[in-house]
Amino acid sequence: MPATAAPDALVYDPADPAVMANPYPVLARLRENDPVHWAPALKSWIVTRHADVRDLLLGDSLSVNRLMGFYRSLPPREADLLRDIIRYLNLWIAFRDPPDHTRLRRIMRHAFTPVAVDALRPGIEGIVAGLLDRLAGRRGTVDLVRDFALLVPAFVIMDMLGIPRDRVDEVKTWSDDLATFIGGARNAADKYERAARGCREMAGFFKGMIAERRANPRPGFLMDLINARDEGDQLSDDELVATCILVLFAGHETTTNLIANAVLTLLRHPDELARLRADPGLTDGMIEEVLRYDGPTNALVRVVAKDHDLHGRQLREGDRVFVMVTAANRDPRAFDDPDRFDIGRNPNRHLTFGQGIHICLGARLAREEGRIAVPALLHRFPRLALAGEPVWLDAMVPRGLVRLPVTLGEE
Ligand code: HEM
């Protein structure tokens, strides 16, 4: 608890539907008036300026290892329920500080090389083309999240991990169950039960997959992960299972949100959409600008590792901190005219893939999926249009849509 928290009239309530739909006005007020804000309802610090977010992610005053503190604070019934999930999550690179993080990252980078990602390109193109074929001819309103944005990264990651495509509904359920827990949904009552079930099912599945792949080696990401070595060191069996769960999870919802947020933002900015259609060379800039303007990362979560002051506020060891990427990405100190969506923006130093030692390992893949999927959709359906209000995800960490109603314009 902060000793110096000022009584603030400012209230940041991420579960308020108006804030979910448009968090930027309240985040702008925080950024200007109280850049290190104590949110009593969240029992957390909310950091909103670009330089602070960047410096905190680059420095070592915050830790990602927030699981054990949380676990120890649980009542026995919940602790029992979450024992398995905590065991695996605790092995996630995303929740480890150095030196464990350094070791895991050194091993894992061997499976995330540019060559490995580039090899996935034809597969991504095939997945996108197949999904667009399935959409073609659909009349009336289509939910672009369910029928497109969700399936592109799901199939890509399932191909990478060797999961048969007909299991996509299971994968989605596992992933949603885990996301409800990790993403910090505030309105979900049964989130612990669901997370525990999702984790148990995924762990069982991946144990089987890894054993099968070892017995019948085949080139690809899963084999690369099994074989990844750094100076003779490799992932243990539990670490392999944990990493498969992480990759399935990390590479899936985030990229869905990139694709859906991109389509929504472009449809709401017809001039920029026309600019993109006229000059496909702007595709890379468009993806970067979507990542900045309304990207898939709302916040990153940390705990204070050592006491320190920031803008006169005293952050104490163990305090929780939400590092607000959405707010940093609209900071006028870092971007000209930050509330303008400009697909030609350059430079564009958004923080959507994080910063520092935990910077996203899958950024190259995510960008590639966005670059292929969004233009292909726009090209196939030149009269694509919004068909109602989108529904936003109730979550603190990711930022994305659960529903994006559109018409394809084919009738
Ligand atoms: C647009 C899509 C994506 C976004 C916005 C995104 C964002 C992020 C962010 C912000 C982090 C840092 C988290 C932190 O510092 O706490 C991260 C880490 C990570 N991401 Fe992504 N990600 C995306 C796609 C992917 C994909 C496709 C994969 C894998 C196939 C992936 C794998 C990872 C992994 C393994 C880490 C942990 C790295 C570490 O802790 O050292 N991500 N991602």
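Just so it is clear, the structure is predicted and the values come from calculations on it, not from any experiment. Atoms considered below: every heavy atom in the structure, side chains included; atoms not considered: hydrogens, waters and symmetry mates. Both counts, for ligands and for their atoms, begin at 1 and track the order of listing.
- Contact annotation: T255 has at least one heavy atom less than 4.0 Å from an atom of ligand 1.
- Heavy-atom contacts of A94 reach the following atoms of ligand 1: 40 (O) (cutoff under 4.0 Å).
- Note on atom 21 (Fe) of ligand 1: protein N/O/S atoms under 2.8 Å are C360 SG.
- For residues 148-173, no residue pair satisfies the ring pair (Phe, Tyr, Trp, His ring centres under 6.0 Å) rule, not counting sequence neighbours.
- By the side-chain contact (heavy atoms from CB on, under 4.5 Å) test, T326 pairs with Y24, L27, N298, M324, R399, sequence neighbours left out.
- Using a cut-off of 4.0 Å between Lys/Arg side-chain N and Asp/Glu carboxylate O, R275 and D342 are scored as salt-bridged.
- Here is the list of ligand 1 atoms found below 4.0 Å of a heavy atom in T297: 5 (C).
- Between E32 and R333 there is a salt bridge, since at least one side-chain N of the basic residue sits less than 4.0 Å from a carboxylate O of the acidic one.
- H269 is linked by a ring pair (Phe, Tyr, Trp, His ring centres under 6.0 Å) to Y293, F341, counting only residues two or more places apart in sequence or in another chain.
- If you look at I157 next to ligand 1, the close heavy atoms, those under 4.0 Å, all belong to the side chain.
- Between E288 and R349 there is no salt bridge, since none of the side-chain N atoms of the basic residue sits less than 4.0 Å from a carboxylate O of the acidic one.
- Among protein heavy atoms, atom 37 (C) of ligand 1 sits closest to I93 CG2, 3.8 Å.
- Scanning the protein heavy atoms around atom 40 (O) of ligand 1, the nearest turns out to be H358 ND1, 2.7 Å.
- Residue contacts with ligand 1: I357 is included, with a non-hydrogen atom under 4.0 Å away.
- Residue-ligand proximity: H101 is placed with a non-hydrogen atom under 4.0 Å from ligand 1.
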Determine, step by step, whether D52 and H311 satisfy the side-chain contact (heavy atoms from CB on, under 4.5 Å) criterion, reporting the C-alpha distance in whole Å, the side-chain angles of both residues, the deciding distance to 0.1 Å, and the verdict. CA-CA 10 Å; D52 296 333; H311 295 296; 2.8 Å; yes
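- Not a single heavy atom of W92 sits closer than 4.0 Å to an atom of ligand 1.
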For a side-chain contact (heavy atoms from CB on, under 4.5 Å) check, start with the C-alpha distance between L266 and V374, then their side-chain angles and the critical distance, and finish with the verdict. CA-CA 10 Å; L266 285 165; V374 177; 3.9 Å; yes
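- Look at D34 and R313 and you find a salt bridge, because one of the NZ, NE, NH1 or NH2 atoms lies within 4.0 Å of a carboxylate O, short of that distance.
- Only the side chain of R105 comes within 4.0 Å of ligand 1, judged by heavy-atom distances.
- A salt bridge links D339 with R330: at least one charged nitrogen is closer than 4.0 Å to a carboxylate oxygen.
- Residue contacts with ligand 1 for L365 involve side-chain atoms from C-beta outward but no N, CA, C or O (heavy atoms, distance under 4.0 Å).
- Between T352 and ligand 1, a contact under 3.5 Å exists for no N or O pair.
- A parallel orientation is assigned to the rings of W92 and F95, their planes being inclined by less than 30° (bins at 30° and 60°).
- In this structure, the ring of W174 has its center no less than 6.0 angstrom from the ring center of F249.
- Checked for salt-bridge contact, R364 and D118 meet the test: a charged N lies under 4.0 Å from a carboxylate O.
- In terms of protein heavy-atom proximity, atom 16 (O) of ligand 1 is closest to R302 NH1, 2.8 Å.
- Scanning all protein heavy atoms for the shortest distance to atom 13 (C) of ligand 1 gives L300 CD2, 3.9 Å.
- Closest protein heavy atom to atom 29 (C) of ligand 1: F112 CE2, 3.7 Å.
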